[in-house]
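A single structure is presented below for examination.
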Amino acid sequence: MINGTETTANAKFDGKDKSLVIAHIVVAFVALLLGGVAGVLQGLVRGGLITLPAGIGYYQILTAHGVLMALIFTTYFIIGLLLSGVSKTLDGKLLPASRKWGWIGFWLMTVGTAIGTVMILLNKATVLYTFYAPMKASPFFYIALALVVVGTWCSGIAIFYQYRVWRKSNKGKLTPLFSFMAVVTMMLWIIATLGVAATVLLQFIPWSFGWVEKMNIMVSRTLFWYFGHPLVYFWLMPAYMVWYITIPKIIGGKIFSDALARLSFILFLIFSVPVGFHHQLMEPGIPAFWKYLQVVLTFMVVIPSLMTAFAMFATFEMYGRSKGAKGLFGWLKMLPWGDVRFFAPFMGMLVFIPAGAGGLINASHQMNALVHNTLWVAGHFHLTVATTVALTFFGAAYWLIPAVTGRVLTPRINRLGIVQTVVWLIGMFFMSGSMHAAGLFGSPRRTAFTTYQNHPDAVFWMPYHVAMAIGGTILFVGVVLMFYNMIALLRAPKGETEYPIGEVAETAEQPPKLLERWGVWIGLTAVLILIAYTIPFMDMLQTTVPGSKPWVTW
Ligand code: HAS
Ligand code: CU
């Protein structure tokens with residue numbers, strides 16, 4: 001064992017844990033498929049190319065698309081992935097109590113997802129995935145959201161419990177990197193979801209039932225974005241886990257540095273939460289100083305991504321040179337381009353370079369004034385979550401499903417996977433590319449054709465909107481192909497597939513024990529959150545004069 005990367009590498013995956021993991025993965029891909037149908041229809045409607053029958057509206061299918069893909073697909077895939085790796089790296093199977101919590105979480109989330117989806121389909125929750133007030137959904141939509149969140153907390157308990165028991169019986173040993181990262185990711189998630197749970201339980205549910213007449217809009221938006229930004233890192237961190245831990249193994253190389261990987265995750269924990277104001281830079285009601293402070297912190301949270309870029313380059317270069325690569329970029333040729341388990345996540349990394357640059361533009365206050373509420377922002381998150389994260393998850397499915405179910409990735413499925421990745425890249429090039437461009441021309445996001453068609457600039461936007469719809473249609477082909485590939489993986493021939501856990505390079509330093517002193521890191525996180533939020537939040541609570549309409553301020 002080197003540096004806590006010990007695993008029961010070739011042992012068969014536990015049969016009971018298999019059901020739990022596969023249940024999550026299957027629901028994830030079903031959500032992807034349904035969300036994909038809504039996505040392509042939404043794009044065609046927005047482009048003015050089709051109108052929907054039976055009074056189905058643009059905002060309704062946009063809501064279905066956002067909720068099913070951004071919230072449901074990601075959350076299920078992530079929890080399935082984390083549970084699988086925790087089972088694998090902490091003693092080779094989940095403890096009965098952890099497995100039970102995992103199932104409780106799964107069912108709570110699934111009941112919530114079902115209720116939420118029905119509400120959206122009934123047009124009773126057409127409030128988009130960010131559900132800003134004063135748009136109001138049926139109370140059952142918010143209850144459904146609460147069920148999903150509470151479900152994820154149960155999955156968190158499953159992971160924390162397994163980790164605690166393992167630590168007790170393995171005193172002095174370094175926690176395997178996968179489980180360490182799973183624990184940090186779940187900690188971040190729980191801290192973040194406290195915000196959304198607070199606004200849903202204390203504001204939206206009473207208001208939508210009509211128990212109270214009004215709610216404080218600024219408070220609800222602030223609590224939402226307190227959650228909304230760490231939410232995007234909750235998507236990104238599992239993708240980084242795949243990059244740090246499994247990609248080195250898949251290419252036949254080594255993890256560059258275990259300590260660096262752990263440190264980057266700790267930095268995500270500390271800096272992900274106190275930055276939500278970068279989604280509210282254009283909102284009145286938050287003094288400039290607090291926006292400025294959170295922008296500075298936003299730039300701090302870029303650092304762990306730069307560290308990750310560095311580590312990935314190092315892993316690839318070390319591997320290439322060990323194979324005799326020469327010159328500055330000779331190592332690129334040595335990488336296994338024909339292996340979808342590498343190719344798809346690698347393309348995700350490549351796309352993350354412009355995607356991250358777009359994020360820096362968004363975060364720069366003055367430039368945010370140009371892009372905010374335009375299609376540019378939709379372009380940004382289709383590169384980040386819908387390409388970098390999605391392609392990484394797709395790539396991971398090609399080893400995760402076979403490793404967990406005791407099957408093999410056949411050359412045919414591998415080839416289909418490569419095709420799927422290329423289709424995705426082409427579709428996203430057109431769709432996200434034109435979103436960025438149309439956004440710069442001022443085309444608003446989340447706006448129905450009938451609303452913008454008479455705008456004087458609509459003629460400039462039109463070609464881009466059509467290109468978006470074409471890109472979206474290509475992406476839909478990608479979604480269907482991915483769904484097919486998932487089914488093919490579930491029915492692939494039986495055989496042995498290793499759960500790929502990389503080993504750390506011999507030259508790497510041992511990570512310091514301090515990195516696992518949770519009291520220190522959670523304490524620091526709490527202090528930063530209090531510094532960034534207390535004063536502006538108190539202001540928001542106080543400046544709502546009784547009897548006034550708080551929503552006039554947005
Ligand atoms: Fe963002 C809006 C700022 C990252 C998702 N973002 C959004 C929304 C979503 C989202 C969903 O400051 C819209 C929310 C809504 O509906 O309103 N974002 C940032 C910044 C980053 C960032 C500073 N975002 C993400 C990630 C997301 C995501 C990740 C999902 C997974 N974002 C914003 C801001 C807004 C925003 C504002 C509000 C806009 C507005 O006005 O509403 C940073 O974390 C980005 C850092 C990343 C990098 C890139 C590092 C590169 C790496 C790849 C290395 C490549 C290799 C391969 C090794 C600096 C790690 C190389 C091989 C070769 C051969 C070259
Ligand atoms: Cu953000």
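Start at 1 and go down the list; that is how both ligands and their atoms are numbered.
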Legend entry - Nearest neighbour of atom 31 (C) of ligand 1 from the list N373, V232, L370, L128, on a heavy-atom basis: V232
Legend entry - Nearest-option assignment for atom 26 (C) of ligand 1, heavy atoms, candidates T384, T315, L335: T384
Inset, instruction - Answer side chain, backbone, both or neither: which part of V385 comes under 4.0 Å from ligand 1, heavy atoms only. - result: both
Inset, instruction - From atom 47 (C) of ligand 1, work out which of G356, A363, A378 has a heavy atom at the shortest distance. - result: G356
Inset, instruction - Can you establish whether the number of heavy atoms outside M300 located under 6.0 Å from its atom CE is more than 12? - result: no
Legend entry - Any side-chain heavy-atom pair of L391 and F394 under 4.5 Å: yes
Inset, instruction - Could you tell me whether N362 approaches ligand 1 through its side chain, its backbone, both or neither, with non-hydrogen atoms closer than 4.0 Å? - result: both
Inset, instruction - Output, in order, the C-alpha distance, side-chain angles, deciding distance and verdict of ring-ring contact (aromatic ring centres under 6.0 Å, His included) for Y240 and F268. - result: CA-CA 11 Å; Y240 278 7; F268 274 127; 5.7 Å; yes
Inset, instruction - Look at the N, O or S atoms of H229, main chain and side chain alike, and state whether any lies under 2.8 Å from atom 1 (Fe) of ligand 1. - result: no
Inset, instruction - Have a look at ligand 1 and work out which part of W225, if any, has a heavy atom under 4.0 Å from it: side chain, backbone, both or neither. - result: side chain
Inset, instruction - Determine whether the side chain, the backbone, both or neither of V301 has a heavy atom under 4.0 Å from any heavy atom of ligand 1. - result: neither
Legend entry - Residue part near ligand 1, for W235, under 4.0 Å between non-hydrogen atoms: side chain
Inset, instruction - Please state whether V371 comes within less than 4.0 angstrom of ligand 1, counting heavy atoms only. - result: no
Inset, instruction - Going by heavy-atom distance to atom 44 (O) of ligand 1, choose the closest among Y132, Y240, Y233. - result: Y233
Legend entry - Sub-4.0 Å heavy-atom approach of M282 to ligand 1: no
Inset, instruction - Kindly state whether the ring of F224 and the ring of F227 have centres lying under 6.0 angstrom apart. - result: yes
Inset, instruction - May I ask you to identify, for Y129, whether its side chain, its backbone, both or neither come under 4.0 Å of ligand 1 on a heavy-atom basis? - result: side chain
Inset, instruction - Nearest heavy atom to atom 53 (C) of ligand 1 wins, so pick from Q280, Q294, M349. - result: M349
Inset, instruction - With atom 54 (C) of ligand 1 as the reference point, say which of A70, A309, G228 has the nearest heavy atom. - result: A309
Inset, instruction - Could you name the option among A355, A239, G359 that has the heavy atom nearest to atom 23 (C) of ligand 1? - result: G359
Legend entry - Option among Y452, W461, Y464 that satisfies the ring pair (Phe, Tyr, Trp, His ring centres under 6.0 Å) test with F441: Y464
Legend entry - Residue H229 atom name (nearest to the Cu ion (ligand 2); N/O/S): ND1
Legend entry - Centroid-centroid under 6.0 Å between F346 and W337 rings: yes
